[in-house]
Amino acid sequence: MKKVKAKKQYGQNFLKDTTVLDKIIQSMPNNNNYVVEIGPGLGDLTKNLVKYKDMTAYEVDTDLIGILESKFAIEIEEGKLKLIHTDVLEAWDKQKTLHDGKYDLIANLPYYIATNIILKAFEDSYCENIIVMVQKEVAEKFTAHVNDKEYSSLGIITELISVNSKILFDVPPESFDPVPKVTSSILYIKKDMSKNLDKDFNKFLKACFVQPRKKLSKNLTSVIDKNTISKIYEELNINDNVRPHEVSSSLYSQMHTRVKDGRN
Ligand SMILES: C[S@@+](CC[C@H](N)C(=O)[O-])C[C@H]1O[C@@H](n2cnc3c(N)ncnc32)[C@H](O)[C@@H]1O
């Protein structure tokens with residue numbers, strides 16, 4: 001078969017390392033959940049996933065859809081694989097979920113929208129487990145805890161929405177074709193299905209971290225007035241000198257509730 005030219009604008013780095021592919025499959029949670037893959041590409045991961053689970057794959061690239069349709073003609077015919085030709089973020093905007101029933105998201109994500117995709121998966125009430133390949137630095141942000149250098153809104157949201165989050169293993173650039181400039185990691189997040197996040201919380205956290213080295217109270221002045229900040233700090237026993245990365249996720253959540261109450 002003619003070699004497919006990877007398209008940069010779609011973040012195409014095809015995973016060629018069979019050991020890594022095997023390790024991803026071994027990391028799949030042992031449950032009855034359906035599987036959703038974003039960006040099946042040339043179908044190397046898809047081929048392994050569909051052996052174990054019925055699944056849907058969302059692919060934006062028209063050229064790849066043609067290849068996948070002929071490669072997986074049998075699985076599609078048997079109803080084991082549903083192939084959807086669309087931009088996955090548009091699909092999420094339209095239908096709020098990628099599958100009408102509990103599912104696990106397993107994917108080698110396009111780097112340019114990886115963070116947005118994970119945040120969408122947090123909002124999707126049917127998505128339970130997230131096992132995705134992302135740039136190592138992104139994985140570190142999602143798994144960072146209070147006082148860590150990488151701690152930011154992503155680590156805080158992950159802590160509040162999940163029961164478990166960790167980096168499973170790193171993947172070197174040579175495992176891909178074309179070879180990316182960065183190291184990747186497999187990120188695992190098990191969501192707490194009883195929780196959902198307030199829509200404005202992410203916006204609030206962004207304001208809290210707008211100048212990460214400054215005092216949190218200074219950053220908060222873009223959201224609330226100084227008197228309310230003093231009142232909230234007193235109620236929650238927060239030191240005025242505290243910096244954004246020194247505050248726990250649960251304290252951020254309590255602060256946000258009070259900010260909202262103050263506005264109502
Ligand atoms: C990093 S490649 C992974 C390909 C394949 N899964 C693999 O592991 O080799 C990312 C894939 O996501 C697809 N993609 C990029 N943007 C997308 C979008 N907005 N919606 C759906 N798929 C997208 C690309 O075309 C590509 O197939």
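Whatever order the structure lists ligands and atoms in, that order sets their numbers, starting from 1. Just so it is clear, the structure is predicted and the values come from calculations on it, not from any experiment. Starting from 1, each residue takes its place in the sequence as its number.
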> Who passes salt bridge (charged side-chain N to carboxylate O under 4.0 Å, His left out) against D148, sequence neighbours left out?
Replying inline: none
> Considering only heavy atoms of T86, which atoms of ligand 1 have at least one such atom less than 4.0 Å away?
Replying inline: 20 (N), 21 (C)
> Any side-chain heavy atom of E235 within less than 4.5 Å of one from R258?
Replying inline: yes
> L15 heavy atoms, cut-off 4.0 Å: which ligand 1 atoms fall inside?
Replying inline: 7 (C), 8 (O), 9 (O)
>> Below 4.0 Å from ligand 1: does a non-hydrogen atom of L64 turn up there or not?
In response: yes
>> Is L45 close enough to touch ligand 1? Criterion: a residue heavy atom under 4.0 Å from a ligand atom.
In response: no
>> For T46, state whether at least one heavy atom is located under 4.0 Å from any atom of ligand 1.
In response: no
>> Could you check whether any heavy atom of E37 sits closer than 4.0 Å to an atom of ligand 1, since that is the contact criterion I want to use?
In response: yes
>> Contact between ligand 1 and D44 is defined here as a heavy atom of the residue under 4.0 Å from a ligand atom; is it met?
In response: no
>> Within ligand 1, which atoms have a heavy atom of V60 less than 4.0 Å away?
In response: 14 (N), 15 (C), 16 (N), 17 (C), 18 (C), 20 (N), 21 (C), 22 (N), 23 (C)
> Is a salt bridge present between K141 and E137, judged by a nitrogen-to-oxygen distance below 4.0 Å?
Replying inline: no
>> With the threshold set at under 4.0 angstrom, would you say Y111 reaches ligand 1 through any of its heavy atoms?
In response: no
> What is the ring orientation for F201 with H256, classed by angle as parallel under 30°, tilted 30 to 60°, or perpendicular over 60°?
Replying inline: tilted
> Taking side chain as C-beta onward, heavy atoms only, is I224 less than 4.5 Å from I232?
Replying inline: yes
> Does L89 approach ligand 1 within less than 4.0 angstrom via side chain, backbone, both or neither, non-hydrogen atoms only?
Replying inline: neither
>> Ring-plane angle category for Y252 and F204, please: parallel below 30°, perpendicular beyond 60°, tilted otherwise.
In response: perpendicular
>> At less than 4.0 angstrom from any non-hydrogen atom of F14, what atoms of ligand 1 do you find?
In response: 4 (C), 9 (O)
